[in-house]
Structures are given as C-alpha cells and as structure tokens.
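Accompanying notes for the structure given below.
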Amino acid sequence: MKRLIVLFSMIGLLTCMQTISSQPVVTQDTIAAVDSVTVSDSVMANVDLLLAGEEADDGEEGGFHKQLKQKFIDGNVVFMSFVALALVLGLAFCIERIIYLTLSEIKAHKLMEDIEARLNADDVEGAKTLCRNTRGPVASVCYQGLLHIRQPMDAIERSITNYGGLQAANLEKGCSWIKLFIAMAPSLGFLGTVIGMVMAFDNIQQAGDIGPTIVAEGMKVALITTIFGIVVALILQLFYSYILSKIEHLTAQMEEAAIMLLDIIADYKQKQHA
C-alpha cells in the first residue's frame with residue numbers, strides 16, 4: 001500500500017514539473033515590455049480622444065461662423081450690406097461718445113474743494129489754472145465762472161448757465177446719428193421683408209404654381225433681413241442707453257458744481273468786502 005502511494009506521488013510530481021516547464025518564462029523584461037505596450041496603447045487612445053474633441057470644437061466654432069456667413073448671403077448680400085453698414089457706423093459713433101464721456105468724468109467734489117482752498121488763500125489765478133488744466137465740462141464751467149469773478153453774482157450765474165448749456169450740447173454731440181441708425185436698422189429689415197415677399201410672388205408667377213420650394217427663397221430673404229435689422233437696432237439701443245446714462249451723470253455733476261461754485265464765489269466776495 002505504501003509503495004502504491006509513493007508511486008502515485010512520483011507520477012504527480014513529474015506531471016507538475018512537465019506542466020511548469022511547458023509554460024513561458026515570465027521575466028522582468030517581459031513584464032516591462034507588456035507594461036510599455038499597454039501604456040502606449042492607453043496614451044495613444046487618450047491623444048486620439050483629445051484630438052477628436054478639439055476637431056469637434058473647431059468644427060462647432062467654424063460651423064457657427066459659417067452659418068452666420070451663409071445667413072448673411074441668403075439675405076441678399078447687396079441689401080444686407082446696408083444693414084451691416086448701419087451697424088458699423090452706429091458702433092463707431094457709440095464708441096467715440098463712450099470714450100469722450102469716459103475721459104470727461106472727474107472727481108467733481110475734489111475739484112471744488114481745491115478751488116475753494118485757492119480762493120480762501122486769495123489765489124484766483126491759481127484756481128483758474130487748476131480748472132484750465134483739468135479736463136471735462138465740469139472744470140470748463142468752473143473756469144468760465146472764475147473768469148467773471150469780479151462781476152456781480154447775477155452776471156456770473158448767467159455766464160455759468162449759458163456756458164453749461166453749450167457743454168451739455170457738446171456731450172450730446174453725435175447722439176442724433178446714433179438715433180438715426182437705430183431707426184434705420186429695423187426699417188431696412190422691414191424693407192427686406194417687403195423685398196422678400198416680392199421675390200416670392202415673382203417666383204410664383206414665373207413657375208405658375210405655388211409650392212414650398214418656390215416660396216421658400218423669398219420668405220427666407222424676408223425673415224433673415226428682418227432678424228438682422230432688429231438685432232442691429234437692439235445692439236445700438238443698448239449702447240445708446242449707456243451713453244445717455246453717462247450724459248445724465250455728467251450733466252448732474254455740472255449742475256452741482258455750478259451751485260457749489262456760486263456759493264464759493266459768494267463767500268469769497270463777502271470776505272473781500274469784509
């Protein structure tokens with residue numbers, strides 16, 4: 001019995017040894033090669049995904065610009081050029097006004113404090129120089145009042161009021177053109193609507209039949225021109241509202257500065273006569 005057990009054990013051991021010897025030897029180099037191949041495949045897959053994503057993004061951006069350009073062409077290039085011209089000219093006037101009004105804004109209270117300090121020191125010429133070297137309509141109004149400081153208060157107030165009206169007109173300079181382009185843009189769009197309808201009826205007359213494909217071209221022109229005209233008017237209206245808010249702010253500053261200047265000059269005259 002013991003001999004049979006030993007015999008079966010020897011047979012099993014030999015079988016295991018043959019199985020192990022038949023398997024491929026896995027060395028450190030083999031593991032490194034397998035890992036490098038796996039990592040390379042993974043990296044290449046990620047790169048492909050990134051490139052595919054970038055191409056998709058570029059395709060979307062290019063698609064938007066391409067669609068916008070195509071819609072512009074579909075709306076009749078010659079006619080749509082007038083709508084685009086209204087947008088460009090309107091934006092040019094808006095940008096010019098915004099730059100001018102932004103540069104005209106100053107710290108009015110600080111200017112009035114400096115003027116008061118110079119007049120308290122009996123330095124009228126210094127106050128004039130300060131106003132002359134300060135940009136904006138507020139300083140110009142103050143300078144105009146200081147030029148007539150030796151005259152009666154009624155004459156000073158009248159001079160400040162008249163000159164303030166001129167400065168307010170300068171602030172609104174060019175706004176009439178912006179309003180013109182705001183009115184023109186939707187009007188051109190509605191004119192395009194009429195032109196598109198006329199084109200549709202012309203196509204119907206030439207074909208002698210009414211069908212979606214026959215009417216589609218004219219209706220497309222009508223709708224596209226209307227959309228572009230309304231969008232241009234909305235854009236210019238936003239800029240115009242912002243410009244009006246700046247004009248109102250500067251006008252309020254001029255009025256406040258004029259009142260403060262009259263009070264400062266009145267106190268200066270009282271001290272001179274005291």
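The other members of the hydrophobic cluster of Leu103, by chain and number, are Ile95, Ile99 (side-chain heavy atoms under 4.5 Å, ILVMFWY only). Grouping Ile, Leu, Val, Met, Phe, Trp and Tyr by side-chain contacts under 4.5 Å, direct or through others, puts Tyr143 with Leu147.
Looking at residues two or more places apart in sequence or on another chain, you find no side-chain contact (heavy atoms from CB on, under 4.5 Å) involving Val88. Residues passing the side-chain contact (heavy atoms from CB on, under 4.5 Å) test with Ser159, sequence neighbours excluded: Gln144, His148. Applying the side chain to side chain donor-acceptor pair (under 3.5 Å) rule to Asp263 yields no partners; only residues at least two apart in sequence or on another chain are considered. Checked against side-chain contact (heavy atoms from CB on, under 4.5 Å), Met112 has the following partners two or more places apart in sequence or in another chain: Ile115, Cys142, Ala257, Met260, Leu261, Ile264. Partners of Glu255 according to the side chain to side chain donor-acceptor pair (under 3.5 Å) rule, which considers only residues two or more places apart in sequence or in another chain, do not exist here. In this structure Gln253 satisfies the side-chain contact (heavy atoms from CB on, under 4.5 Å) test together with Ala108, Val138, His249, Leu250, sequence neighbours excluded. Taking the salt bridge (charged side-chain N to carboxylate O under 4.0 Å, His left out) definition, one finds that Asp114 meets it with Lys110, sequence neighbours left out.
Tracing side-chain contacts under 4.5 Å through hydrophobic residues (I, L, V, M, F, W, Y), one never reaches Leu188 starting from Leu234; they form parts of separate clusters. Under the 4.5 Å side-chain heavy-atom criterion for grouping Ile, Leu, Val, Met, Phe, Trp and Tyr, Leu91 is not connected to Leu238 through any hydrophobic cluster. Hydrophobic clustering (side-chain heavy atoms under 4.5 Å, transitive across Ile, Leu, Val, Met, Phe, Trp, Tyr) keeps Ile230 apart from Leu87.
The CD1 atom of Ile243 sits 11.0 Å away from atom CZ of Phe93, with the distance rounded to the nearest 0.5 Å. From Leu262, atom CG reaches atom OG1 of Thr161 across 7.5 Å, with rounding to the nearest 0.5 Å. Note that the CE atom of Met254 and the CD1 atom of Ile259 stand 12.5 Å from one another [nearest 0.5 Å].
Taking both residues in full, the closest heavy atoms of Ala139 and Ile106 are given as N-CD1, 4.4 Å, listed atom of the first, atom of the second, then distance. The shortest heavy-atom contact between Leu236 and Gly90 is CD2-C, 3.6 Å. Nearest heavy atom pair, residue Ala185 against residue Val232, reads CB-CG1, 3.6 Å.
Pairs of residues two or more places apart, or lying in two chains, that qualify as salt bridge (Lys or Arg N to Asp or Glu O under 4.0 Å) and include a residue from residues 124-149 are Glu125-Lys128. Residue pairs satisfying the salt bridge (Lys or Arg N to Asp or Glu O under 4.0 Å) criterion with at least one member in residues 227-251, sequence neighbours excluded, are listed as follows: Glu105-Lys246.
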List the atom pairs, with distances to 0.1 Å, where a side-chain N or O of residues 166-183 and a protein N or O form a donor-acceptor pair under 3.5 Å, not counting sequence neighbours.
{"unit_1": "Gln167", "atom_1": "NE2", "unit_2": "Tyr163", "atom_2": "OH", "d": "3.3"}
{"unit_1": "Asn170", "atom_1": "ND2", "unit_2": "Leu166", "atom_2": "O", "d": "3.4"}

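Counted within 6.0 Å of OH on Tyr100, heavy atoms from surrounding residues, nucleotides or ligands total more than 12; the atom is thus considered enclosed.
Counting heavy atoms from C-beta on, the side chains of Asp267 and Asn120 never come closer than 4.5 Å. You'll find the side chain of Ile265 stays beyond 4.5 Å of the side chain of Gln270, heavy atoms only.
Between the side chain of Asp123 and the main chain of Leu119, no donor-acceptor pair closer than 3.5 Å is present.
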Item to complete: Using the side chain to side chain contact (heavy atoms under 4.5 Å, CB included) rule, take Val124 and Arg150 through it: C-alpha gap first, then chi angles, then the decisive distance, then the call.
Response: CA-CA 10 Å; Val124 178; Arg150 304 301 178 186; 4.0 Å; yes
